[in-house]
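These notes concern the structure reproduced below.
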Amino acid sequence: MTTPTTEAALAATEDQNREFLVFSLGDEEYAIDILKVQEIRGYENVTRIANAPEFIKGVTNLRGVIVPIVDLRIKFHLDKVEYGGQTVVIVLNVGERIVGIVVDGVSDVMTLTPEQIKPAPEFGVTLSSDYLSGLGSLEDRMLVLVDIDKLLTSQEMALVDSVGE
Amino acid sequence: MDITDFYDTFFEEAEELLADMERHLLELDVEEPDAEQLNAIFRAAHSIKGGAGTFGFDVLQKTTHLFENLLDHTRKGELTLRRDIVDTFLETKDMLHDQLDAYRNDEAPDQEAFERICQTLQQLALEEIGQELEGAGDTPGAAGAAAPKPEPIPEPAPEPEPAAGEAATGSTRLTVSLLGVGDKDRGLLVEELEQLGEIQAQEGDAACYRVTLTTSAAAEDIEAVMCFIVEPEQLKIEPVGEATTGAAAAAEPARAPQDAEPEAPPAPAEAPKPATEAPKPTAEAPEPADKPKARKAKKAKAGGGESTSIRVSVEKVDQIINLVGELIITQSMLDQTVSELDNVNHSGLHNGMNLLQRNARDLQEAVMSVRMIPMDFVFSRFPRVVRETAGKLGKEIELVTEGAATELDKSLTERIIDPLTHLVRNSLDHGIEAPDVREAAGKPRTGRLTLSAQHQGGNILIEVSDDGGGLNREKILAKARESELNVSDSMSDDEVWQLIFAPGFSTAQEVSDVSGRGVGMDVVKRNIQGMGGNVQIMSKPGEGTTIRIVLPLTLAILDGMSIKVGEEVFILPLSAVLESLQPSKEDLYAMAGDDVVLKVRDEYLPVVPVHEALDVTGARTELDETIAVIVQGEGRRYALLVDELVGQQQVVVKNLETNYRKVPGVSAATILGDGSVALILDITDLHRLNRSKKEARRGQRAAAPTTLTRKEVEPS
């Protein structure tokens, strides 16, 4: 049985706790804010777009809406990029756009407390720390928390028409 | 149901009436005003007044009343029109619009403006026809009396003695003479009069039919109502003897509420009718058979466009369009499945599918057309803009519009108005020279401004062209330097012209009322880019400037031809396809290394292999195994090499830029029958893309990076 005070305290910490969707790229685990996720579906029927960067797989039809599909595995230079029944597309709401990202698999939804989120160190050429919101430490696991908004709207993703073009 | 439920209808109707009024005012020939147009303007004012009275919008009612009176004098030829009078009328119309907006937003209309406009109108009446306007007496305060809803049964209908009725309501006895009115119209008129008062006697023939009426309505109100049916010249209304005696004092206050009665919309006016009708068989005598018909005719007139159009919110239409789009896709999917079944055993199913297909297409077409409105909707407001701006600037300008029937999506037409207005003002101010300057340059004094619209491929081109002095390269460059923009003398003309879109840029010598503050052109460009379009400028010194807005049709269906290259399906806009043929080896000529031209009936066309431009793998590369589709885009013809022609179909255009970005060589996307996405090719851009790719390849070979810049100067 909980007293009212502990309940209030619990609510307060719950406010700060954030839920993340954890997905894997190769052996690495990444996490994104669950509120950005619209749905998860299989990888199918993607129409290639000519003259686009390699990691933009093309566009697909999501119930009448044309949605671009980005393969994060290619973007992050993973060695093994295969498409099969297990390949998953996470459909995200980024800004006012809908974008799908291809990942190797979705594992679970995690709640992280503020204490579990560590600042991201300065590293990486492939994934600039600008696009990271931190590292989540969970016992023996480490989750890379991706600021998916920033990443997908960045110039290098070439998903958005750059200003003045 | 509350009366406020009708407000919206009134506002929208009034807005349309005001728009009508403005159009007629602008078209009006001051020297020889067309009676029909004057009547139309009068009727618009009258209808607004009626509605305003019913809903208790005093200020609006008051203003329209004065305006209406003035218009009435004009109509009767007692007031001679002049340009400045028309201007005053236009100003009044604007004021009415402001008042309408105020009421719509639940605000009190600007009292000061109201008084000012009343004064202006009174002044005009005094000066021009030397008399005060009727109704001037019951200025603001008294107008309130007109507002309340009319009494359900204002007429003392069953009263056998007319005198008693007169005394009670302060009625007057009038003789209404109908001159040269046919039997049918007469029936209508008598019926109208019946509603306005009590008919005491009626007699006469077609040439002159006299009706004696006891009524509380003013003579001009009766006339106003009558004028819906006959010309004012056919009417003569005069009091019989003197106005009702004794009741004069009582008459005035009583008149006000009655005043609203004749103008009230059908509903309240109809209510007292059965009551007055019953005890008066004489009045009905003329043509009993004609009655239902007459009544119907009147209803149609009073109801305006109600029977022919309905107002629907745009969201509802959009929802239908989306649903129909989905339906079409589902239908195509079914179609594909059914086509695999054999025809003999499933002939019923096949027939059903064919029918469904036809119906679905018809439905789609019908729904799409709902959202499209002609550019006339936009262009029609420019005569006013041009007239006023030209007047202010002291220039003589003729406005020409072309392609007003070109249809554009409604949401775009609404958003294009502001940028277009700005461009027009700019052309008038900076583009077209003053008459004297023009004369000196050997041009006609009257400048010409052309607004045009046309469809081209998946775009609509809207052009504002003037025959003025053209842009001044030196001046723009000098100004740009002053504004510390990064410029050089070697810039191409196109680049220089684009400078005028820079924020804060203006070459006008003086800041005028019209333009020259340097805010605007950048906003214009931003707005148009916001719609997914772009702005091009073409200018020749001494000959004029054309500003072209290219807008994509964000929402449209397209007649497409599906083609296959390798394993990929693309859609070509059918409008761009001229013909397709199987090229033979003899007709293909290599040129300058890797360029190929195709000879088609004595014409040599450049060849663009789709697989090269769009990097399709697994396509047929042997030229004579492919199919050449001859296409035309922005005046240029070329041959597209594809693997296979799949078929023709209507496709729903889906914007790629909603979630992605512009793709070179592609205008939009669509969803095919199997649910997959196919790209719609942009014929003009594809040619450009192919060229720049070729040059890039050549550049790589020659290791000369200069080739990239050639793309920029290529005429578009």
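So that the names make sense, note that chain A is the first sequence line, chain B the second, and so on, each numbered from 1. Not measured: the values here are computed from a predicted model.
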query = Aromatic ring centroids of F55(A) and F76(A) under 6.0 Å?
reply = no
key: Whether Y30(A) and F23(A) hold their rings parallel, tilted or perpendicular, with breakpoints at 30° and 60°   =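 The arrangement is parallel - the two ring planes meet at less than 30°.
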key: Most chain B-contacting option - heavy-atom pairs closer than 4.5 Å, from G58(A), A52(A), P68(A)   =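 Between G58(A), A52(A), P68(A), the count favours P68(A).
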key: Contact winner vs chain B - V67(A), N51(A), V65(A), N45(A), heavy-atom pairs under 4.5 Å   =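 Answer, by heavy-atom pair count under 4.5 Å with chain B: N51(A).
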Does [X] pair with [Y] as a salt bridge, N-O distance under 4.0 Å?
X: E612(B); Y: K693(B); result: no
X: D108(A); Y: R141(A); result: yes
X: D104(A); Y: K80(A); result: no

Under 4.5 Å from a heavy atom of chain A, the part of [X] involved:
X: L614(B); value: both
X: V616(B); value: both
X: L689(B); value: side chain

query = Non-hydrogen atoms of chain B under 4.5 Å away: do they reach the side chain of E96(A), the backbone, both or neither?
reply =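 When you check distances to chain B, only backbone atoms of E96(A) fall under 4.5 Å.
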